[in-house]
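Single-structure report; data block below.
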Amino acid sequence: MAISTALWSFALVVGLLTLTPGLDTALILRTSALGRRRRAWGVVLGIQTGTLLWGAFTSLGVTALLTASHLAYTALRFIGAAYLIWMGARMLRDTFRELPTSDANDPALAAGTDSVTGGWRQGTLTNLLNPKMGAFYVAVLPQFIPPGTSHFTMGLLLTTVHILIGLLWSAVLIGFARVLHGWLRKSQARRLLDRITGSVIGVFGIRLALSN
């Protein structure tokens with residue numbers, strides 16, 4: 001397999017994966033739709049940081065060891081599931097509290113919460129605590145590394161393709177979320193969005209905990 005063929009084939013696979021609605025999509029849309037544009041980009045950069053680390057670990061063979069060790073994989077799976085369930089439950093809990101009537105008094109929309117750093121931490125943790133990302137890379141990445149090439153260099157090149165696709169799709173999501181921002185100035189709309197997003201995140205956590 002030529003390097004160019006490997007890159008295009010891998011781009012097709014991860015492109016379809018990226019377009020499939022999931023946890024990352026829910027986090028990006030929710031954060032951006034609430035008007036926290038900087039935090040939304042922080043979430044995006046955090047997710048891609050996690051992708052880069054999973055790709056690097058796979059290229060070095062570290063995630064192969066994680067996948068081979070049932071105990072290590074199970075431990076990471078339960079830690080990740082607990083984090084997602086906690087995040088979703090906290091989001092749902094907050095929707096049942098009394099919400100302010102105006103944006104000016106809403107601490108959730110205050111400028112202090114709209115930080116790239118906070119979003120980056122959330123995105124990175126969400127990605128790294130998902131062992132299925134590691135399992136995906138271990139199963140898929142080696143199939144696109146042509147014989148005779150450096151596994152680490154080619155692995156990082158393929159991971160870069162995944163990151164670029166992820167960044168492009170995230171830009172589309174953030175742009176789309178701006179359309180929803182006017183509607184979400186209403187507290188009832190924000191409560192509805194948080195309940196939907198919190199439920200999605202919680203379900204992902206439960207599925208991760210119950211998955212084999």
Side-chain angles (χ1 to χ4, degrees), residues 18 21-57 76 79-131 133 159-160 162-205 208:
T18 301
L23 175 60
D24 294 348
T25 301
L27 281 176
I28 295 169
L29 278 176
R30 186 258 179 184
T31 307
S32 182
L34 290 179
R36 306 177 202 166
R37 189 175 180 83
R38 285 179 294 179
R39 185 180 178 90
W41 275 111
V43 170
V44 171
L45 294 176
I47 291 170
Q48 301 312 324
T49 298
T51 300
L52 176 62
L53 291 174
W54 278 122
F57 289 159
L76 183 59
I79 292 172
Y83 173 71
L84 292 179
I85 293 172
W86 169 80
M87 188 193 307
R90 188 181 66 170
M91 198 174 294
L92 288 172
R93 179 203 65 190
D94 290 345
T95 65
F96 290 98
R97 294 179 173 179
E98 186 67 24
L99 289 178
T101 56
S102 68
D103 288 344
N105 299 319
D106 188 349
L109 295 179
T113 64
D114 188 18
S115 66
V116 174
T117 304
W120 179 83
R121 284 197 301 266
Q122 184 182 35
T124 303
L125 272 177
T126 301
N127 193 290
L128 288 181
L129 290 177
N130 183 4
M133 274 293 294
T159 303
T160 301
H162 191 180
I163 290 173
L164 290 175
I165 293 175
L167 289 173
L168 288 173
W169 179 237
S170 297
V172 173
L173 292 176
I174 291 175
F176 172 73
R178 289 177 61 87
V179 178
L180 301 178
H181 180 51
W183 175 66
L184 288 169
R185 293 180 68 86
K186 301 177 181 179
S187 60
Q188 295 86 350
R190 294 199 300 273
R191 183 187 289 117
L192 176 61
L193 177 64
D194 277 359
R195 285 180 181 175
I196 293 173
T197 307
S199 298
V200 169
I201 292 174
V203 168
F204 268 94
L208 181 59

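Keep in mind it's a predicted model, so treat the numbers as computed, not measured. For the single chain, residues carry numbers from 1 onward in sequence order.
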Below 3.5 Å, can you tabulate the donor-acceptor pairs from side chains in residues 124-131 to any protein atom, sequence neighbours excluded?
from   : atom 1 : to     : atom 2 : distance (Å)
Thr124 : OG1    : Gly46  : O      : 3.3
Thr124 : OG1    : Trp120 : O      : 2.8
Thr126 : OG1    : Gln122 : O      : 2.7
Asn127 : OD1    : Trp54  : NE1    : 3.3
Asn127 : ND2    : Ile47  : O      : 3.2
Asn130 : OD1    : Lys132 : N      : 3.1

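- Using modelled atom types, one side-chain atom of Ser170 and one backbone atom of Gly166 make a donor-acceptor pair closer than 3.5 Å.
- The distance from the CG atom of Leu45 to the CG atom of Leu167 is 7.0 Å, given to the nearest 0.5 Å.
- The heavy-atom pair separating Gly205 from Leu84 by the smallest distance is CA-CB, 3.7 Å.
- From Thr117, atom OG1 reaches atom CZ of Arg38 across 10.0 Å, with rounding to the nearest 0.5 Å.
- The side chain to side chain contact (heavy atoms under 4.5 Å, CB included) search around Thr25 returns Leu29, Trp169, Leu173, not counting sequence neighbours.
- Evaluation of the side chain to side chain contact (heavy atoms under 4.5 Å, CB included) rule for Thr31 yields Arg36, Arg39, Ala40, Val43 as partners, not counting sequence neighbours.
- The side chain to side chain contact (heavy atoms under 4.5 Å, CB included) search around Leu92 returns Arg195, Ser199, not counting sequence neighbours.
- Closest approach of Ala33 and Ala177 over heavy atoms only: N-CB, 3.6 Å.
- The OG1 atom of Thr160 sits 7.0 Å away from atom CG of Leu52, with the distance rounded to the nearest 0.5 Å.
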